[in-house]
Every structure is written in structure tokens, then in C-alpha cells.
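Accompanying notes for the structure given below.
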Amino acid sequence: MEQPLHRALGLTDDELEAIRARLGREPNHNELAMYSVMWSEHCSYKSSKIHLGTLPTEGSRVIVGPGQDAGAVDVGDGLAVVFKMESHSHPSAIEPYQGAATGVGGIVRDVLAMGARPIALLDPLMFGPLSEERNRWLFCGVVAGIGGYGNCIGVPTVGGEVRFAPPHSTNPVVNVMCVGIAPADRLVTSAREVHAGSLLVLIGAATGRDGIGGVSVLASRTLEEDAGESRPSVQIGDPFAEKLLIEACLELVERGLLEGLQDLGGAGITCAVSESASRARLGAELRLDAVPLREPGLEPFEILTSESQERMLAIARPERLADVLAVCERWGLQASVIGTLVPGSSLSVVLGGETVASVPARSLADEGPVYDRPMSPPGFEEIRAEDPTFETVAVAPRDAFLAVLGSPNVASKRWVWEQYDHLVQGGTVVGPGGDAAVVRIEGTMKALALATDGKGRFGHLDPYLGAAHAVAEAARNVAVVGATPIAITNCLNFGNPERPEVMWQFAESVRGMADACRALGTPVTGGNVSFYNESGDSAIWPTPVIGMLGLIEDYRLLVRPGFVEPGLEIYLLGETHPELGGSEFAEVVLGRVAGRPPALDLEREAALHRVLVEAAREDLLAASHDCSDGGLAVALAECAIAGDTGFAVSLPGDVPWYVSLFAESASRAVVAVPSDRASSLEALALRHGVPWSRLGETGGPRMVFDALFEVTVDEARGVYEETIPGLIGE
Amino acid sequence: MRFHAQVVVRLKPGLLDPQGKAVEGSLPAMGWRNVSNVRVGKQIEFELEAPDERAAAAQVNDMAARLLSNPVIEVYAVELRTASAIPTDGA
Amino acid sequence: MRFHAQVVVRLKPGLLDPQGKAVEGSLPAMGWRNVSNVRVGKQIEFELEAPDERAAAAQVNDMAARLLSNPVIEVYAVELRTASAIPTDGA
Amino acid sequence: MSGRPRVGVITFPGSLDDRDAVRAVASMGGSGVRIWHRDRDLDGVDAVILPGGFSYGDYLRTGAIARFAPVMEEVRRFADRGGPVLGICNGFQILCEAGLLPGALIRNRQLRFVCRFVHVRVETSRSPITTGLVPGEVLPVPVKHGEGQFVAADEDLERVEQEGLVVLRYCGPDGTVDDRHNVNGSLGAIAGVRNEAGNVVGLMPHPEHAVDPDVGPTGGQPMLASFLSYALARV
Ligand SMILES: Nc1ncnc2c1ncn2[C@@H]1O[C@H](COP(=O)(O)OP(=O)(O)O)[C@@H](O)[C@H]1O
Ligand SMILES: [Mg+2]
């Protein structure tokens with residue numbers, strides 16, 4: 001071995017020093033393995049922590065903010081909504097099906113760990129262009145994997161997004177968001193009292209050599225040769241086991257049999273046990289002999305750090321143990337007492353009567369290193385100078401329109417979401433394909449509106465604006481269906497944080513997200529950071545993905561995007577400005593990703609949301625759709641396609657046609673109103689200071705854009721629906 | 001020459017095999033208590049035309065490695081016979 | 001005695017095999033134009049303890065017929081070896 | 001017995017639409033009774049539903065393991081006595097595996113899971129879910145499955161067709177049966193079949209997800225209404 005062991009494990013010299021200081025001695029191999037996984041970027045958030053600390057996390061509805069398995073907000077009626085997003089990009093890049101599948105499994109267990117029943121999934125995805133064979137393989141595999149797992153556990157996948165951009169050819173992004181619901185007083189939060197003497201019960205799958213690639217350098221000589229063989233870095237998902245785990249854990253929580261519940265994800269048993277002990281301000285004795293193994297001969301460090309899927313750690317009083325085991329047996333799950341919480345603060349690990357590791361639990365879980373990494377902005381001069389806004393455009397308007405509508409980023413993602421069961425559990429009022437998904441809250445008239453948005457192109461040109469736009473668009477997607485945006489989760493996808501430009505992008509994105517969340521009243525309840533999305537010199541665009549939670553008081557008043565009848569008045573709420581930087585039009589028609597992203601006035605954005613929500617509540621709207629990628633032209637076309645009714649509009653303002661059609665100015669929405677409600681809508685908009693313009697009327701089989709051009713709804717639908725199937729050769 | 005190829009694709013030994021596990025778990029209830037290590041794999045058969053056995057073997061290996069399996073999680077085994085040696089089953 | 005069993009389950013010849021067809025369809029794009037009659041089946045392996053080969057064979061056939069295959073659409077083939085003859089991968 | 005039939009809904013490990021089925025039965029005026037796969041009696045119910053889902057992960061073959069569940073012996077006995085049994089999606093797959101219905105269900109022709117609202121055409125009134133319906137009637141219902149392609153050996157298929165065992169076929173909104181509307185490539189575009197006695201029926205679409213007008217089309221209503229009245233008529 002050339003380099004010292006700690007470095008081979010990814011620990012710096014300073015980190016090793018810090019471990020020595022905590023222990024007052026040299027760590028042994030097992031302890032080193034435990035620190036290396038717990039102090040990794042993935043588990044400790046060491047590069048991002050100081051930035052994430054600046055996010056707004058408080059709000060009247062917030063029950064659980066960042067720092068626990070998932071955030072939770074109060075939605076009234078004694079109910080809490082639990083939600084969180086996570087990335088599984090790296091495993092998906094080498095085994096798309098299993099990588100994505102286990103990503104679903106992992107985030108579901110985060111929500112389950114709060115004692116909530118998972119009721120919805122969303123999957124923001126990013127790939128390289130589908131013209132490349134490998135990207136098609138990744139795309140098809142990831143989608144099949146998400147469906148394969150989500151469908152099998154009976155949690156509907158109700159939304160998400162798919163983006164295509166060259167930087168994702170080597171680095172696909174796979175994020176998954178899970179939403180759950182629980183009686184607020186039954187949430188398993190860290191505020192629960194956990195007692196010394198309580199038992200640690202490992203429930204679910206046996207432990208194998210999964211996902212311990214990083215620490216496999218510790219393997220004893222004999223195994224070294226086939227280390228790659230026997231310690232694969234990709235896990236295989238077992239959704240059937242997960243389904244049983246969901247039902248068993250919920251039954252345990254409902255019957256009040258537990259003091260605590262923790263998922264096993266990154267860093268496996270080490271993470272679950274050290275966090276549980278640390279939160280309870282206790283120590284723990286962990287008995288590795290009691291951990292059921294999938295194959296013989298696992299070394300202690302392997303059992304400690306294995307990331308085998310479909311496992312949960314329950315904490316229960318000894319007198320409840322028999323009941324706990326009976327519930328697990330009923331669901332056909334293995335359950336084993338693998339340790340005990342003890343007074344003090346030490347986590348000691350015993351194997352064969354011998355103590356193989358003994359460290360302060362807190363030092364693993366809460367005292368990881370924190371870095372303020374150097375930052376420096378990359379040069380923007382070149383891409384800014386190339387701003388496409390005042391380009392001379394030689395393309396015919398109709399061709400430009402069809403090109404934008406048929407661009408893979410804009411085109412229908414039906415091919416994707418038809419592979420997802422979006423109906424199971426019976427709560428899906430609006431599934432994928434609209435703006436936000438709407439899921440009923442059983443036993444009430446309320447519904448949740450859910451949307452995810454990431455704006456990689458904008459983030460590339462201006463990370464602050466990119467992040468703020470992502471929040472604004474996600475909130476707008478929720479508002480257009482009539483829901484009030486109430487909170488967010490996020491997944492922050494970036495390159496290597498050890499590069500100052502990436503760190504700067506990260507800091508700017510967090511600042512943008514924080515400002516937008518403050519202005520829109522949507523606190524951050526949790527999230528996930530995914531760094532190192534780069535290979536060679538190609539990093540992904542800085543892409544914070546926002547998962548938005550909105551609330552509708554009466555789901556019967558929700559608004560859909562389709563123009564479903566003729567004779568409706570079409571309005572544009574908000575204003576269009578000459579800003580084409582980072583637009584779909586600039587990329588697809590002019591062939592460049594350059595310029596400045598559109599400006600964002602967060603006060604205006606908030607005002608628009610108020611108008612949309614109020615208009616829905618007063619039942620003024622027949623249709624409503626957010627105006628974003630592809631601009632007004634695409635928004636109108638999507639309304640027409642969804643409702644199978646055309647329109648005739650005139651284009652407002654004194655700007656070139658391609659600006660009115662394709663600019664992606666923020667804070668806009670297209671709405672349709674019955675003519676007897678038009679004046680009420682105008683009055684409402686006026687009251688909130690939201691500019692509006694009347695565009696025209698719905699009706700007929702054609703979409704008529706002023707004197708510029710017209711396209712039949714059928715032709716547009718063909719382009720919109722056939723793009724993705726066409727690209728993957730179907 | 002015409003060859004008959006058979007490729008068996010299995011999950012790598014260390015990996016969880018959920019299918020095998022589910023089958024194994026169901027056996028005792030059916031009265032089969034003496035079975036262990038159930039693993040489920042894929043078996044792909046096809047015919048191919050190639051100038052000689054060497055060329056055929058090279059191609060089948062290539063197909064197995066690049067299309068029929070993912071080396072990150074799977075291993076494969078190849079079997080090749082001249083087609084005349086086996087009865088075809090129709091088509 | 002310890003036996004190693006392998007059961008291969010295939011769709012009946014007359015039935016269209018959607019998986020095989022898909023594999024076949026993807027081949028030309030990868031440059032393989034000389035392949036035909038692709039069929040995708042399942043391969044199930046396991047070990048079993050039985051007093052003798054006869055008993056083992058009877059049980060494996062029973063398992064294949066009742067659980068591992070569906071006679072309405074599938075056919076199966078069984079292979080049995082004494083376990084010592086093959087290297088086990090663990091356990 | 002009042003006008004409220006008791007419908008047993010079986011939960012296998014991996015069943016997913018069991019709660020939805022209970023809810024749908026209740027919304028149609030029946031009462032749903034949860035039955036556990038290990039139960040050895042059916043609690044005196046008037047009818048049985050095997051719900052959708054992925055029993056045992058559907059790993060080996062859909063329904064292959066579930067059909068050996070202890071409760072299935074009771075279901076078989078109940079069916080033999082003429083009790084109405086409805087298999088939805090995974091329930092259909094289980095009934096085929098158990099030999100209570102003809103044919104089998106294999107992977108969709110397109111090899112992908114598909115979740116979508118489709119139309120089905122009623123082919124016969126002689127089944128527990130179509131007693132009140134007229135052949136030719138078209139109902140909108142969702143499908144959501146990866147392995148719903150109905151297949152059978154030639155002679156079996158011929159028998160199924162000739163004896164009028166086909167209950168539903170995939171079709172267009174106007175009832176046209178053609179390849180384009182055959183959502184999974186099923187032989188004869190078959191979406192649902194019954195047994196010879198006419199009391200056991202299975203279908204891939206999900207009537208239990210098509211009863212609530214707030215959520216979507218309601219083509220499941222007449223099917224479940226028929227199922228409940230069929231159950232009542234026997235009592
Ligand atoms: N990967 C996906 N999974 C599920 N639904 C998706 C996915 N991608 C897109 N959708 C759905 O398609 C619709 C349009 O997506 P998108 O264009 O990203 O919406 P928007 O521009 O309003 O954010 C949304 O309803 C979205 O949920
Ligand atoms: Mg939208």
C-alpha cells in the first residue's frame with residue numbers, strides 16, 4: 001500500500017488528527033472505517049454545511065426542519081406532511097435500472113423513518129442528448145428502474161421532470177422526492193424520549209457486502225484479489241422487501257411500540273446507530289454477531305458500513321420486544337436485536353465477545369469536519385457577451401415554434417410517466433402531465449400540490465438566478481393549480497466542491513434559493529447535496545432542484561391547464577420582456593446557451609401566486625398554466641393540446657415576435673376564463689398589482705398566432721407527443 | 001455456418017438476488033424444506049451465421065458483454081453448438 | 001447428499017416472445033445482422049439435500065412443473081449434478 | 001341479509017390495491033372485508049376480490065407464488081361452490097396461475113409498464129362484472145401493469161373464444177377493437193375472461209380506480225355494481 005490507510009479511505013491528515021484527538025489514541029481499522037464513512041461529504045455535509053445554515057427554515061407550519069430524516073409541515077386536521085428529496089446519480093450512471101430503483105427505496109425509507117406513510121414520488125431527471133446510444137440506455141434504464149421500484153411498493157409516482165443537456169452525458173442526474181403523511185402527534189421525531197436500556201432492532205434484509213466500495217481497501221489480503229467482484233458498488237433493489245418494511249414499520253408506529261425509527265442508508269449501521277444514540281444523548285452497545293448476514297465471512301468493518309438496502313433500525317423498550325417481533329414476523333420480515341442504548345456517550349461495537357470499536361457516538365454523527373472551502377467566480381464575460389436577445393432571426397415563426405415545441409426538454413414526457421403507476425392508493429386527482437400533481441389527503445377535502453423544478457441552463461449562466469428561478473417556477477407550478485406554496489425540500493446537484501468555481505456556484509445557488517424562499521414564504525425543510533457530478537473536465541451545470549409542497553383547501557376547486565371548451569377568454573398574467581438568455585429558443589433555434597437569464601422580481605412573483613390562488617378559490621378560472629420553458633407559445637400550445645381545443649390570440653407588446661412567443665420571462669401564467677368572469681379576474685389582478693393582457697379566445701381545431709402563423713392542434717400534438725418516442729427509436 | 005448460442009446471465013455472487021430470495025422464501029410453505037441458494041438468472045438463446053466457430057464465439061461473447069449483461073452487476077456464461085447438432089423448435 | 005440443480009424455463013415455441021423480439025430488434029443497430037430466433041428464458045439454480053439422485057430428480061421436476069414454470073405457456077428442462085462436482089460460491 | 005353484500009378483499013404480501021378495492025366496494029354500497037393471505041377461512045363473505053399489486057414481488061412469474069398461499073385453497077373451494085370471485089390485475093394473474101381462469105399473462109408487448117386510461121368493450125353479460133351490461137358497451141378504465149399481455153396456446157384460445165369466455169376487450173372510445181388500442185398486445189385484445197361456470201372473472205384494468213368522478217372516468221362503477229348485485233343474488 002503506497003498511501004497511508006486513512007488517505008486511502010478518503011480521510012485527510014487533519015481529519016485523522018481530529019479523530020486521534022477525539023479518541024485520545026490511534027483509531028483501529030474498524031474505527032477508521034466508521035469515521036471515513038460518517039465524515040464523508042455524503043454523510044457529513046462538510047463542504048456545504050456553512051452555506052446551508054443560511055437558508056430560511058422557520059415557518060408557522062414547519063414541524064421538523066432540516067437535520068432529520070425528512071422535513072415535516074403541519075397541514076391542519078392534525079396531519080403532518082413529511083417530504084424529502086435525494087440524489088442517486090452516481091450509482092445510476094453505471095447501472096441505471098438498479099441505481100434509480102435503489103434511489104427510490106432510499107428516499108422512501110427516509111420518509112418512513114418519520115413514521116409517515118409514503119403517498120407520492122416525484123423524479124427529476126437529467127440526461128445527455130438522446131442522440132447518443134449510451135444516453136438512451138441510461139434514460140430508458142433509469143425510468144424503468146424508478147417505475148420498477150415505485151410501482152412495486154405501491155407508491156404513486158405523480159410528477160417529476162426530465163431535462164436533456166450535453167454536460168449530463170457523462171453525469172446523469174437522478175433525484176427522487178418522496179412525500180408522506182402521518183398524524184402530527186405520531187411523528188417519530190428526534191423530540192421523542194428515548195431511554196437507556198432500549199433495544200436496537202434491525203428489521204428487514206440481511207446484510208451483505210453492498211456499497212462498501214469506499215472502505216474495501218481494509219479487506220484482508222485473501223479477499224483483496226476479487227475485491228471488485230465481491231464488493232460491487234451498486235446494490236440490487238428488492239422492492240417487495242421494501243413494501244413489507246413499509247407496512248411493518250407503519251404498524252409498529254401506529255401501535256405505539258417504538259421509541260425511535262431510523263432508516264439505514266449511507267454508512268449503514270454505523271450511521272443509524274450513532275445518530276440514534278447521539279440524538280438520545282446516550283451511548284450504545286452494538287453486537288455484530290446478532291446482525292443477520294447474507295453471506296458468511298463479512299469482516300466487522302463491512303458489517304458496520306454495508307449499505308445493504310431494505311433495512312430499518314427500530315428502537316423499542318425491552319417489554320415491547322415480543323410485540324415488535326410479532327409484527328415483523330407477520331409481515332415475513334427478519335428482525336434481530338443488534339444492540340442496546342446505554343448511559344454515557346460511547347458507541348462500542350462487540351464481536352465474538354471482543355470490543356472491536358469504541359468511539360463517542362456524537363463524534364461520528366455530529367462532530368464531523370466543517371469546511372469553508374475557497375470560492376471564486378468563473379469568468380462570465382464570454383457567455384454574457386453572446387446574449388441572444390437582439391439576434392437577427394432568419395427562421396420562419398412557424399418553424400421556430402415547431403422546433404421549440406418538439407425540443408426534448410419541452411416535449412411531452414408521457415413516454416416516461418406512463419411507465420409509472422400514478423393511480424395506486426387512489427388519491428391522485430391530477431397525475432403527471434400538468435403543472436403540479438395534486439394528491440388528496442384522505443379523510444379531508446384538502447389536497448397537496450407537488451412540483452419539482454431545476455433550471456440548469458439558467459444556473460450555468462447565473463447560479464444565483466438559476467436557483468431563485470427554480471424556487472419561483474416550482475411555486476408557480478403549484479399556484480397555477482390553485483394551491484398555496486407552503487414549503488420546499490431540495491436536492492443540490494453540483495460538481496467537485498474542491499474546485500473554487502464550483503464552490504462559488506454552490507454558494508450563489510444557496511443564496512438565490514434562500515432569497516426566493518424568504519420572499520415566497522416557503523421555508524426549506526430539508527434536502528440533500530450531491531457533489532462530484534463531474535468527470536474529467538466536464539462538470540454538470542449547477543442545478544439545485546426544488547421540490548415544492550402546496551396546499552389546496554378544497555381539491556374540487558383545483559384548476560387544470562386544458563382549454564376544454566370554446567369561447568373562453570385567454571389572458572396572460574404578468575409581462576413579457578426582451579430576455580432570451582438561457583431560453584429554449586436560444587438553444588434550439590439559435591444554437592447557443594448564452595446571455596443572462598431573465599430577471600426575477602420576487603415581489604411580483606408572490607403577487608402572481610396570490611392572484612392565481614385567489615382566482616381558483618373564487619372559481620374564476622377554466623384553465624391555468626404556468627409560462628416557462630419555451631415561453632408563451634409553448635404554454636398556449638400545451639393548454640390547447642391538453643384540452644383538445646384551439647385558440648386565436650394576438651401578441652401583446654412592442655417586441656419582436658420571437659420575444660413575445662419564446663421569451664422565458666418570469667412571473668407569468670396563461671389563464672382562460674369564462675367571459676362572465678373576465679372582469680372579476682381583471683379586478684383581482686389589478687388589486688394585487690399584477691399586469692395582465694387579454695390575448696384572445698379559445699375555440700376551433702387550430703392554434704392561430706396573430707397574423708404570424710397557425711398550426712392545427714393535431715399537428716402540434718403529434719410533434720409534442722412523438723418527440724421522445726421518436727428519439728429512442730419507437 | 002450456422003450456430004446455436006446460449007448465454008446465461010447471472011447476478012454476481014455477492015449481490016442480493018431478490019428473485020431467488022422470494023422463491024426460496026416460498027418453498028417451505030410448499031413442503032420443500034431442503035433447498036438453498038436459489039438464484040434466478042436469464043437465459044438467452046439464438047442462432048447465428050458465422051464463417052467459423054472462432055468468429056461465432058467472439059461475436060457471442062461480445063454480444064453477451066455489451067448487450068445482454070451489465071458487467072457492473074452481472075456475469076455471463078456462453079455455450080455454442082453447431083446448429084445441425086440440435087433440433088430446432090419450429091420457426 | 002447434496003445436489004446442484006438447474007432449471008431452464010422457456011416460453012412454448014408457438015408463443016411470441018416479446019423479450020426475444022426486442023433483443024433481436026436492437027441487434028442490427030449494434031452491427032450484428034446475422035442473428036435470428038432470439039428467445040429469452042429464465043434460469044433457476046439451487047442446491048438441495050436429498051437421499052439419492054432419484055429423489056432429487058423427482059423433487060426438482062416437481063418444483064419445475066408446479067412452481068418454476070407455468071405449463072400453460074412454458075416448458076422447462078432440468079439438469080442435476082452432485083454438488084461436490086461444482087465449485088460453490090460461498091456457503 | 002340486507003342489500004349490503006360482504007366482499008372479501010385478500011391481502012397477499014405485496015398486494016397494493018387492496019385498500020383501494022375495499023374503498024371502492026364501500027363507495028358502491030358493499031362492505032369490504034379484509035382477508036389475510038394466511039387465513040384459512042373466508043369469514044363467510046358473499047364474494048371475493050383478489051386485488052392488484054405485486055404479490056411476492058411478482059419476481060418469478062406474476063402470481064406464481066401467491067397462488068400457493070393458504071387462503072387460496074379456500075378461494076378455490078368458494079369458487080367451486082359457485083361463489084363470485086373477481087381478480088383484478090395481479091388478482092387476474094393469480095387466478096390464471098391457479099388454473100381457475102384460462103390463459104396466462106406475460107410481459108407487455110412493448111416490454112414496458114403502462115399506466116393509462118383505456119377503453120374496454122363488454123363482450124358478454126354472462127360474468128359477475130357484466131350482468132347488468134350489454135355486449136358492445138364501452139367503459140373507460142385505467143390499466144397499470146407490466147405483464148398484462150393475455151396469451152394462451154392455440155387450442156385454449158380457440159376454446160376461450162368459442163365458449164364465450166371473453167368478458168372484455170381493449171378498444172377505442174367508439175368500441176373499435178384494433179391493434180392500436182390493444183394496450184399490451186394481448187391475443188384477441190383480451191382484457192378480461194371468465195371461467196366456464198361463469199362465476200370467476202379476471203381482468204387487467206382496474207375498476208376500483210374508476211369509481212370516483214372527482215378523480216377520473218368512472219367505467220369501474222357499472223362493473224362493481226354488477227359484481228355486488230351478482231353477489232347479492234346468490235345470497
Ligand atoms: N420524470 C418524470 N416523472 C414523472 N412526471 C414527469 C416527469 N417528467 C415530466 N413529468 C411531468 O410532465 C409534466 C411537465 O413537466 P415539465 O415540463 O417539467 O413541467 P413544468 O415546465 O411545468 O415544470 C409535469 O406534470 C411533470 O410532472
Ligand atoms: Mg408548468
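Here is the naming used below: chain letters follow the sequence lines, and residue numbers restart at 1 for every chain.
- For Lys21(C), the NZ atom counts as loosely surrounded, since its 6.0 Å shell holds 12 or fewer non-hydrogen atoms of other residues, nucleotides or ligands.
- Within the 4.5 Å cutoff, side-chain heavy atoms of Leu67(B) are placed close to those of Trp32(C).
- Residue contact with chain B, scored on non-hydrogen atoms closer than 4.5 Å, is absent for Arg33(C).
- Under the 3.5 Å distance criterion, the side-chain polar atoms of Asn34(C) are matched with a main-chain donor or acceptor of Glu49(B).
- Here the straight-line distance linking atom CG of Asp17(C) with atom CD of Glu45(B) works out to 10.0 Å at 0.5 Å rounding.
- Only the side chain of Val8(B) comes within less than 4.5 Å of a heavy atom in chain C; its backbone stays farther off.
- With respect to chain B, the highest number of heavy-atom pairs below 4.5 Å among Val23(C), Val35(C), Asp62(C) belongs to Val35(C).
- In this structure, chain C has a heavy atom under 4.5 Å from the side chain of Arg10(B), while its backbone stays farther away.
- For the atom pair CG of Leu27(C) and CZ of Phe46(B), the computed distance is 8.0 Å after rounding to the nearest 0.5 Å.
- Tested against Val40(B) for a side chain to side chain contact (heavy atoms under 4.5 Å, CB included), the candidates Val7(C), Ile44(C), Val9(C), Leu68(C) yield a single pass: Ile44(C).
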